[in-house]
Every structure is written in structure tokens, then in C-alpha cells.
There are 2 protein chains.
Amino acid sequence: MQNWDDLRLFLAVAREESLSGAGKVLRLDPATLGRRVARLEKTLETALFVKSPQGYALTAAGAQLLGQAEAAEQAMRQATAGLAGAQDGLTGQIRIGAPDGAANFLLPQVCGQIGAENPGLDIQIVALPRVFNLSRREADMAIAVSAPDAGRLVVQKVADYHLHLAASEAYLGTNTAIRRVSDLRHHRIVGYIPDMIFDRELDYLADLGLARVPLASNSVSVQGHMIQQGGGVGVVHDFALPFLPGVRRILTQDVHLARAFYLIRHADDRRNQRLSQFAELLAGALRREVARLEAMA
Amino acid sequence: MQNWDDLRLFLAVAREESLSGAGKVLRLDPATLGRRVARLEKTLETALFVKSPQGYALTAAGAQLLGQAEAAEQAMRQATAGLAGAQDGLTGQIRIGAPDGAANFLLPQVCGQIGAENPGLDIQIVALPRVFNLSRREADMAIAVSAPDAGRLVVQKVADYHLHLAASEAYLGTNTAIRRVSDLRHHRIVGYIPDMIFDRELDYLADLGLARVPLASNSVSVQGHMIQQGGGVGVVHDFALPFLPGVRRILTQDVHLARAFYLIRHADDRRNQRLSQFAELLAGALRREVARLEAMA
DNA sequence: CCTTTGCCTTGCCATTTTGCAAGACTAGAA
DNA sequence: TTCTAGTCTTGCAAAATGGCAAGGCAAAGG
């Protein structure tokens, strides 16, 4: 459909069963309605009405469209209706669960910005290095690196992000050069504590064939600092690099990991205006922030 | 909302987060988009975007509208998508259950007309003087005089109609004049067989204080003919009068009954394109036919 | 049989909307 | 600091859209 407004006029004509009747309702000239209905029929390549001097009667195709158009009308009505209650911005308290990468490097800026736009809103960030249990209402929504398939949850993909191997300039200067992946065997690896990996998507090192992890933490933030201090080589989120001056990506040609963040909510909250609004806001801001930081890396 | 098309543009701008980006997608000038977004914000009395030389970023209100707009988009997409399959009109067999008043005086013309528009369609009218059992699939849809509250059914009001007392010219000429309702005690009454009344809405005569029914039938068509032959006085549908020449309404000031027809379908059939299309067509045609016949009465 | 009434269509003109081009502004790079 | 590249805005001409009035057609009423 090239012009949604044509459907609005169609609806009026279908209900009044005449151009003149619809014209009175919409305060438009019958000639205008006739022309726009004609345009709609042309783009749809279907006769919607049987025209006669007695009025416009729906054809079978037109009758079908009527049903659909009424659904669309409902949607349009809802779209505008909700705005009244949201005039003064969000208020109250919202708690977000997130893996600590997002919690440390993304959410602070994002939530700060949203909080500034909505003075009445209190945002709580719960950083957790494990799968989050939304069912117990530990948080209103959660960010995850994979989409759960069980439970009554609503999942929405938020942003793609990328990871690369990295080490500090100092470390690279004082250790043997790294030219290919196999060279990593002779270096100290920084990564997750193997038996505390809570999501298959985080098991990067296994993908690289690296079993031993001499320097490990369950927190990517801690891992980042280990690498920054010259502790060794590890996988770093691109969006974390601007916060880790002195850390440089290596082997960017050979190792290039892509993951995504998902925003998860209770299915029950789907109709909650307030949370939906916040979720949209959060998702958009996160996507922008990831893009911004990755561009800086 | 005064112009639905503005929401389509809003959606593109919100997704691209810039006028110029949306302009490329929609093949519209950024200036146009800017002006129309401004118009939308004005009619909604809400700031939807934060404008900057870096682009258009959603405000909280805008983020909320985005969610709603996506629902509307879905509806618009569906509206047009379904039409492709319906190009050649309806086909197959559809069975309609109806009380015999509608079955005799309304459905023949209506179904004839729909059948003519859809050559591949076979329509069956099942006239039944009792509550219809859709659950057993005795019919695809049914017309009723009251909306059932039980069962997984979809109910849609189709048309209002009216009833009045009536008798044949011949009868009125040879019997004592009827000036008020109480005069009816001395006349032969035509009506339903009392213990076969299947719907509270049909128990007209009780409303008039008339308990005895000397001439009774379970079929309004038969009742109509009884009245036409001078058998007595009875309640007649206004839309049946054009089919009963010689029958005249009486006491129209004192007795004025209003009822309505409802179209009932299985909840399961709600998503059935073909039946939905037919139902829309039937409902519209019935409404028109009742209006036409009542205007003639 | 003619008139009236209601409807749709078509042509013409005013109005609105659109696209283009130029100006202004910000962020990031040299 | 200056320059570049990317935005958004504003002014003006062109295109489209919408309103008006006249014409045509079918049904209802005298």
C-alpha cells in the first residue's frame, strides 16, 4: 500500500455505502472520495465497489478488505490513544537485569540518558553473570545473549555486537609476536571461569580451541582489566575497547566473533504501556550506543 | 488521527533515525518528511523526536508510538495481502442457518445476488424454527434474533428490524374496528405455537398481554399467509409486508416492536478468510435488504 | 408520462503538498 | 584550528490534490 490514508477513506465509503454519505462524515468532497477510491482500486488491482447511481456497494473483495480495514482502524486508534497517558514521561521504578558486559559498558550511559529525559524514573541495573530468572520477578526485564525458548517470555533482538582478541600494548611489546591463532598456545589467556559459563554463546575460547584459562574471572569487566594490566590475551567486546585505553585488538582478520543482545520480558507485561514504552526506548538507545562505541574501537 | 499516512512516514523515520535515511527508503524528499512529521507532532500535541544535525532520535512518547505503529503496519500489510487470493471471488459451498422469517423474506434475494457475483459459490439456506446448533456444524454460520452468550462463538450484529400488528384488508372490512390494543381480545390472533417458541425475543404476544393464540404456526411464513387469507390479526415483520399484498399494519402508534438479527460463527472460523469474506458480504447485503423492504412497507 | 430527487462523474481552478537548491549547523578528522 | 561530511531547515517553483459546479443517469412519486 502506498498511501495508508486511502484505507481510511475506503472505510468510510464502505460503511456509508455512498461517496456523498462518506463525504459528509469526513467533510470531504464526493469527487475527492471517488478519485481516491479509484486510486486505491488501481494500486490493489481489484474492484472494491460496484458503482451505481444508487451508491457504492461492496464487492466480495471489498467486503474482505473491510474486515481488514477495521482491524487497521483499531490499531490506528490505539496508536494515538495511548499517547495521552504518556505525556509527562515515565515514572516509578524499573529494574533491568543484564550480563556484566552490557551492565558495565552500555547501560550506564544509556540509562543515564533515559533517566535524564524522564526525571520521575528510577532505573536499577542488576549485573549478573548468570542466566537471569525473570519468573521470580528479580527484574522487570533482562538483557541476554541468547533468546530463551522456554517460558512465557517476549523476546526482542536489540543489537548485534562483535568481539575480537585483544591485549595491552605493553603486553604485546614484551612478549613474542602473535601472528596466527596457534601462537596463542604460548601466551597467557584471559577468559571466563570454565565451569561458570552460563550461556553457550559465551564459550568463545572453546571455539578457538583454547581449553586452559590461566587468568579467569566470571566478570568481563574484571577480564578487561586483567588484559589492560598486561595479564594476557583475551576476548574483548568491541564496545568495551573505548573504556580500556592501551588495549589493542589482534588477529582481527582471523578471529571475528559476532553475537547479539536480546531484550526479554514477561509475556504478561506485553500489554503494560509503561514497560513497553521503556523497552522501546532502551532497545533503541542500546542499538545506538553499541554502534557508536564500535565505531570508536 | 486525521491522516493515516503520516504514521507510515513516522515509522520510516523512527527506524532510520533520520529524515534523509527515511527519504531514501520511501523515495521522498527529507524536507517533505520533516514537514509531515512536524504536522503529526502538532496534531498529537507531543514531541515524537529529538531533532539534531545528527538525525532524529525518538523521545519516550515517540518510542511508544513506534510500538503501536508497528502493529498498525502489520494490519495494513494483512489488509492488502489477503486480496490476492480472493481475486476470482468465492467458491465452494456455504451453509447458512436462519429463522424462517429471514430465510423466506430476506435470504433468497440476498443470496441470489451474492451467488450471481460469485459464480463458483454454492449457497445453502437452512430454515429452522429453533435455536441453531452451530457446534455440530449443521451450518457454517447462522442468523439469530439474540446473541448467545455461551460457547466459543463470534457474534456480529447485522441489522435492526421492526414488527407491527397487521391484518388483511378483507378481514378489517368484515370485522369490528380495532382502535386500541384491548380490542384485540375480541379478534382471532395469529402467532407462534406457544410451547414452540425457541427464543425469548419472539414471544411478542406475551408482551401484548395476549395469551390465547387461536391460529398458530411455528413458521412466520405460514403465519403471514394465515393473516393474508383473513384468518386474523398477528404480528408481522415489516420486511415481510411487501410479500403479503393485501395485508395492512394496524395500531402502528400503539404497538411498535424492534428486534435485531445477529450473525453467529464459530470462533475457530474467525481466521478463515473465505468465511470472513462471505460474512461481511452477507451482513452488508442483509442490512441493505432490510432497509429496502422496510422502506417499501 | 413527466418530474423530482438522489447519486455519481467530469472539467476547471484554487489550494496544498512536494521536490529542489541553497543555507546553517554540528561532529569528527586533518 | 580548519575542513569535510553528514545532518536539518528554509524559500521558491512545479506538481498533485481537493473543492466547486455542471452534466448524466436511474429510481421513486405524482
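Chain identifiers are assigned alphabetically (A, B, ...) following the order of the sequence lines, protein sequences preceding nucleic acid strands; residue numbering begins at 1 within each chain.
- Within 4.0 Å (heavy atoms only), A:Gly55 reaches sugar-phosphate atoms of the nucleic acid but no base atom.
- Spacing between atom CG of B:Asp5 and atom P of C:dT17 amounts to 13 Å, rounded to whole angstrom units.
- As rounded to whole Å, 13 Å separates atom C1' of C:dG6 from atom CG of A:Leu19.
- Between A:Asp6 atom CG and D:dT17 atom P there is a gap of 9 Å when expressed in whole angstrom units.
- Put simply, the side chain of A:Arg27 and the base of D:dG19 share no donor and acceptor less than 3.5 Å apart.
- Here the P atom of nucleotide C:dT17 and the CG atom of B:Leu28 are 14 Å apart, to the nearest Å.
- Taking side-chain N and O atoms only, B:Ser20 has a distance below 4.0 Å to OP1 or OP2 of D:dC8.
- Judged as a salt bridge (Lys or Arg N to Asp or Glu O under 4.0 Å), and not counting sequence neighbours, B:Asp29 has no contacts.
- Closest-nucleotide positions on DNA chain D for B:Lys51 and A:Thr32 were compared, and the one nearer the 5' end corresponds to B:Lys51.
- Residues A:Glu17 and B:Arg36 each lie close to DNA chain C; by heavy-atom proximity, the contact nearer the 5' end of the strand is made by A:Glu17.
- Between A:Tyr56 and the phosphate of C:dT9, there is a side-chain N or O to OP1/OP2 separation shorter than 4.0 Å.
- Using the six-membered ring where Trp is involved, B:Phe49 and B:Tyr56 have ring planes that are tilted, between 30° and 60° apart.
- In this structure, B:Leu40 atom CG and C:dT17 atom P are separated by 14 Å, rounded to whole Å.
- We find that CZ of B:Arg35 is positioned 13 Å from P of D:dC8, with the value rounded to whole Å.
- For B:Tyr171, the side-chain hydrogen bond (donor to acceptor under 3.5 Å, both in side chains) partners two or more places apart in sequence, or in a different chain, are B:His187.
- Atom-to-atom, CG of A:Leu26 to P of D:dG19 comes out at 10 Å; the value is rounded to the nearest Å.
- The structure places CG of B:Leu165 at 5.5 Å from CD1 of B:Ile250, a figure rounded to the nearest 0.5 Å.
- Partners of A:His225 by side-chain hydrogen bond (donor to acceptor under 3.5 Å, both in side chains), not counting sequence neighbours: none found.
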Cut-off 3.5 Å, no hydrogens considered: what does the side-chain donor-acceptor table look like for residues 290-297 of chain A, sequence neighbours left out?
from: A:Arg292; atom 1: NE; to: A:Glu289; atom 2: OE1; distance (Å): 3.3
from: A:Arg292; atom 1: NH2; to: A:Glu289; atom 2: OE2; distance (Å): 3.0
from: A:Glu294; atom 1: OE1; to: A:His162; atom 2: ND1; distance (Å): 3.0
from: A:Glu294; atom 1: OE2; to: A:His162; atom 2: N; distance (Å): 2.9
from: A:Glu294; atom 1: OE2; to: A:His162; atom 2: ND1; distance (Å): 3.4

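- Looking at residues two or more places apart in sequence or on another chain, you find a salt bridge (Lys or Arg N to Asp or Glu O under 4.0 Å) between A:Asp6 and A:Arg36, A:Arg39.
- Residue A:Gln2 contributes atom CD, which lies 13 Å from atom P of D:dA16 at whole-angstrom precision.
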**Request:** At under 4.0 Å between heavy atoms, which parts of nucleotides 21-30 of chain C does protein reach? Answer with one letter per nucleotide, 5' to 3': B base, S sugar-phosphate only, - none.
**Result:** ----BSS---

